[in-house]
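A short write-up of the structure that comes next.
The structure displayed is predicted, hence computed values, not measured ones.
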Amino acid sequence: TDTLGAALQLPNQAAFQGYLQSAQVLINEINANITLGCDLVELRVTSGGSMAGFELFERDTSVLAFEGLLVDIGDIIVVHFNGGSASCSGGSGSGNETTSKTQFPSSQYLSNYDSAWDWYSLDAGIINTDNVLTLYDMDGNIQDAVFVSDDVTGTAVASTEGQAAIVAAAGGWEMIGGGIPPGGFVDDDFNAHAVLDLNATDTGKVGITIQRVNLADINTKADWGQAAFSWGLLNSGQTP
């Protein structure tokens with residue numbers, strides 16, 4: 001019936017999307033220093049559900065929007081940057097995986113990881129000076145964020161500081177021990193409380209990366225360290 005209680009006339013059928021539980025996801029590993037902009041960001045699923053409507057931001061710009069992806073707890077997603085480049089996509093032009101982690105297998109798509117969902121951003125590469133990576137969910141809420149930099153002091157650009165203020169206001173980042181600097185995360189105060197070192201990781205996909213040191217998420221740089229790469233797998237110090 002319609003809103004007046006009268007029977008619907010033909011056509012009386014329609015398709016619509018049902019309710020989808022939103023996944024819970026953390027940023028887990030970063031390398032912004034790979035040659036040719038073939039940078040990588042790894043995400044780890046802490047509660048299963050839909051990734052539809054999720055967006056990954058670099059500073060104040062969206063670099064990847066997710067759709068059609070359902071994930072389980074413990075799943076890993078690897079985001080490949082500069083995906084329009086044959087050098088970064090393995091020369092094979094992999095698509096975004098939505099049906100299985102081996103939809104585009106590494107045996108044919110050389111840049112992919114068969115233990116992870118592989119997704120590609122056309123962004124030319126992660127800026128490896130001062131930066132904020134932010135993951136928004138389908139409702140526009142911040143799921144996770146990380147402040148990263150190449151130095152313990154120095155200036156930060158306005159787009160980094162603006163996004164840092166948004167994240168901090170939402171409770172997504174703070175100083176070790178709690179709180180926000182009196183003037184906000186600006187210039188020296190941004191760098192002092194950011195994770196290092198964006199331009200000192202390996203220039204290849206293997207080697208040293210920036211990664212979470214365990215399963216905790218206290219929204220400070222204490223969550224993070226540098227270690228040997230573990231793309232598509234849990235980091236050292238993490239357990240299933």
Side-chain angles (χ1 to χ4, degrees), residues 17-32 34-58 61-126 133-146 202 204-207 209-212 215 229-235 238 240:
Q17 289 193 348
Y19 173 75
L20 290 175
Q21 175 68 43
S22 177
Q24 300 292 313
V25 184
L26 294 175
I27 301 169
N28 203 49
E29 187 171 2
I30 303 163
N31 191 347
I34 300 177
T35 302
L36 302 177
C38 303
D39 300 328
L40 299 173
V41 171
E42 180 183 273
L43 310 176
R44 176 170 54 85
V45 180
T46 60
S47 181
S50 173
M51 292 282 291
F54 275 59
E55 287 191 81
L56 180 64
F57 273 62
E58 178 187 8
T61 301
S62 176
V63 294
L64 182 63
F66 289 90
E67 58 182 16
L69 178 61
L70 296 174
V71 290
D72 292 324
I73 186 171
D75 278 358
I76 299 292
I77 303 161
V78 175
V79 177
H80 305 251
F81 280 72
N82 204 13
S85 164
S87 298
C88 299
S89 62
S92 50
S94 172
N96 297 324
E97 293 179 326
T98 58
T99 60
S100 79
K101 297 171 189 173
T102 56
Q103 180 179 356
F104 298 99
S106 60
S107 58
Q108 182 177 355
Y109 301 89
L110 304 182
S111 293
N112 285 0
Y113 298 90
D114 288 346
S115 57
W117 301 94
D118 293 283
W119 276 68
Y120 283 81
S121 168
L122 296 180
D123 185 89
I126 303 170
L133 297 178
T134 313
L135 183 66
Y136 288 90
D137 66 18
M138 61 178 68
D139 297 316
N141 298 317
I142 294 175
Q143 282 259 329
D144 193 31
V146 55
D202 203 277
K205 294 183 178 180
V206 299
T209 67
I210 297 170
Q211 55 188 255
R212 287 187 179 274
L215 298 177
F229 75 101
S230 57
W231 305 116
L233 303 170
L234 291 175
N235 301 337
Q238 295 180 338

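Shown here for V146 and I27, the closest heavy-atom pair between the two residues is CG1-CD1, 4.1 Å. The two atoms that bring K205 and S111 nearest to each other are NZ-OG, 3.3 Å, heavy atoms only. Between G232 and S115, the shortest heavy-atom distance links the atoms O-OG, 2.8 Å. Of all heavy-atom pairs between C88 and L36, the closest is SG-O, 3.8 Å. For the pair V71 and A23, the tightest heavy-atom approach, listed with the atom from each and the gap, is CG2-CB, 3.7 Å. Closest of all the heavy-atom pairs between K101 and D114 is CB-O, 3.6 Å.
A donor-acceptor pair under 3.5 Å links the side-chain atoms of D39 to the main chain of I34, judged by distance alone. D137 places no side-chain N or O within 3.5 Å of a backbone atom of Q143 that could act as its donor or acceptor partner. The backbone N or O of E29 sits nowhere less than 3.5 Å from a side-chain atom of N235 that would complete a donor-acceptor pair. Between the side chain of Q108 and the backbone N or O of P105, no donor-acceptor pair lies under 3.5 Å. In this structure, the side chain of Q24 does not engage the main chain of T46 through any donor-acceptor pair within 3.5 Å. Checking side-chain atoms of E97 against main-chain N and O of F104 turns up a donor-acceptor pair under 3.5 Å. Without hydrogens or angle criteria, D123 side chain to F81 main chain gives no donor-acceptor distance under 3.5 Å. Distance alone, capped at 3.5 Å, places no donor-acceptor pair between the D75 side chain and the V45 backbone. Using modelled atom types, one side-chain atom of Q103 and one backbone atom of T99 make a donor-acceptor pair closer than 3.5 Å.
Side-chain contact between F229 and N31: absent, with no pair of heavy atoms (C-beta onward) separated by less than 4.5 Å. Side-chain atoms of E42 and T209, non-hydrogen and from C-beta on, never get closer than 4.5 Å to each other. Side-chain contact between I73 and S47: absent, with no pair of heavy atoms (C-beta onward) separated by less than 4.5 Å.
None of N28, I76, I77 except one satisfies the side chain to side chain contact (heavy atoms under 4.5 Å, CB included) rule with L43; the exception is I77. Considering F54, F57, F66 as possible partners of Y136, the one that fulfils the ring pair (Phe, Tyr, Trp, His ring centres under 6.0 Å) test is F57.
Separation of atoms CD (E55) and CD (E67) is listed at 10.5 Å; rounding is to 0.5 Å. With rounding to the nearest 0.5 Å, the separation of CG in L122 from OG in S85 is 11.0 Å. Taken from CG in L26 to CG in L215, the straight-line distance is 9.5 Å, to the nearest 0.5 Å. For the atom pair CZ (R44) and CD (Q238), the distance works out to 4.5 Å, reported to the nearest 0.5 Å. Taken from CG in L135 to CE in M51, the straight-line distance is 6.0 Å, to the nearest 0.5 Å. From W231, atom CH2 reaches atom NE2 of H80 across 9.5 Å, with rounding to the nearest 0.5 Å.
By the side-chain contact (heavy atoms from CB on, under 4.5 Å) test, N96 pairs with W119, Y120, sequence neighbours left out.
Side-chain polar atoms of S94 and N112 form a donor-acceptor pair below 3.5 angstrom.
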